[in-house]
K.L.:
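This structure is in structure tokens; I'll ask about it shortly.
All values reported here derive from a predicted model rather than from experimental measurement.
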Amino acid sequence: MQALFDEFGGNGPASNLSMRQIAERMDVHHTLLTYHFGSRPGLLAAVLSEARRRDNLVFATTKNDFGFTRLCRNLWNFYSDEAVEGRSRGFFHLAGLAVYDREAFDEFISDIDELANLLNSAALRDGRSKTDAQQQSIIAIAGLRGLLLQKLLTPSADIDVAAERFITSLDSL
């Protein structure tokens, strides 16, 4: 996994690279990658899961510094940054595949709610009830993911403005 990160970063290999090309760049035989990851989507799922785990560790260490709204804003700023666009594209690609074959991507989606848990904790610290914190976290994650998908499909400055309006509106939920 570390070799994949060293070669391709947290975004994983570009979508136009085959398993053979990925293996060549890593100076390993392609059957080694197939053995460990099963398929190209399996490899991408492993890389993105590890990247998400690392991201969540960073957000978790700073979560006590942020209230709910500020944490949402920081999440948006991080995931909407062009530097992680490949990771976001990979996430939505794998999420789409998981809709059709959840079992094949069970490991990828098993920790997908970790951000909701971080947001839930922030909402509880802000004084929300347990039920309100859970609902607010679900709404925030769904809205932010939807806005991020919209930004990937039709990039414009309007999406960032809409995201800010959405984040600000979360205070009134």
K.L.:
According to side-chain hydrogen bond (donor to acceptor under 3.5 Å, both in side chains), who are the partners of Glu103, at least two apart in sequence or on a separate chain?
P.N.:
none

K.L.:
Would you indicate whether the side-chain heavy atoms of Arg128 and Asn120 approach each other to under 4.5 Å?
P.N.:
no

K.L.:
Hey, is CZ on Arg25 packed in by over 12 heavy atoms from elsewhere, all under 6.0 Å?
P.N.:
yes

K.L.:
Going hydrophobic residue to hydrophobic residue with side-chain gaps under 4.5 angstrom, can you get from Leu71 over to Leu124?
P.N.:
no

K.L.:
Indicate every side-chain donor-acceptor pair of residues 90-101 with a distance under 3.5 Å to a residue at least two apart or in another chain.
P.N.:
from, atom 1, to, atom 2, distance (Å)
Asp101, OD1, Ala104, N, 3.4

K.L.:
How long is the span from the OG1 atom in Thr69 to the CG atom in Leu119, to the nearest 0.5 Å?
P.N.:
10.0 Å

K.L.:
What is the distance from atom CZ of Arg52 to atom CG of Leu115, rounded to the nearest 0.5 Å?
P.N.:
8.0 Å

K.L.:
Can you tell me how far the CZ atom of Arg20 sits from the NE2 atom of His29, to the nearest 0.5 Å?
P.N.:
7.0 Å

K.L.:
Rest of the hydrophobic cluster containing Leu17 (Ile/Leu/Val/Met/Phe/Trp/Tyr, side-chain heavy atoms under 4.5 Å)?
P.N.:
Met1, Leu4, Phe5, Phe8, Met19, Ile22, Met26, Val28, Leu32, Leu33, Phe37, Leu43, Val47

K.L.:
For residues 146-156, dump all side-chain donor-acceptor pairs below 3.5 Å to protein atoms at least two apart in sequence or in another chain.
P.N.:
from, atom 1, to, atom 2, distance (Å)
Gln150, NE2, Thr154, OG1, 2.7
Lys151, NZ, Asp160, OD1, 2.9
Lys151, NZ, Asp160, OD2, 3.0
Thr154, OG1, Gln150, O, 3.2
Ser156, OG, Asp158, N, 3.3

K.L.:
Quick one: does any side-chain atom of Asp81 pair with a main-chain N or O of Asn77 as donor and acceptor, under 3.5 Å?
P.N.:
no

K.L.:
Applying salt bridge (Lys or Arg N to Asp or Glu O under 4.0 Å), name anything that partners Glu114, two or more places apart in sequence or on another chain.
P.N.:
none

K.L.:
Do other residues, nucleotides or ligands put more than 12 heavy atoms under 6.0 Å from the CD atom of Glu107?
P.N.:
no

K.L.:
Looking at Glu82, I'd like to know if its CD atom is crowded, meaning that more than 12 non-hydrogen atoms belonging to other residues, nucleotides or ligands lie closer than 6.0 Å.
P.N.:
no

K.L.:
For Asp55, enumerate each residue passing the side-chain hydrogen bond (donor to acceptor under 3.5 Å, both in side chains) test, keeping only those at least two apart in sequence or located in another chain.
P.N.:
Tyr79, Arg87

K.L.:
Does the side chain of Cys72 come within less than 4.5 Å of Phe166's, by heavy atoms?
P.N.:
no

K.L.:
Examine the side chains of Gln135 and Thr131 and answer whether a donor and an acceptor come within less than 3.5 Å of each other.
P.N.:
no

K.L.:
Once you round to the nearest 0.5 Å, how far does CZ of Arg54 lie from OG of Ser49?
P.N.:
12.0 Å

K.L.:
Do the side chains of Gln21 and Pro13 get nearer than 4.5 Å, heavy atoms only?
P.N.:
no

K.L.:
In Å, rounded to the nearest 0.5 Å, how long is the span from CD1 of Ile112 to CZ of Phe108?
P.N.:
5.0 Å

K.L.:
Kindly compute the distance separating CD1 (Ile138) from CG (Asp113), expressed to the nearest 0.5 Å.
P.N.:
8.0 Å

K.L.:
Count the heavy atoms belonging to other residues, nucleotides or ligands that lie under 6.0 Å from CG of Asp27, then report whether that count exceeds 12.
P.N.:
no

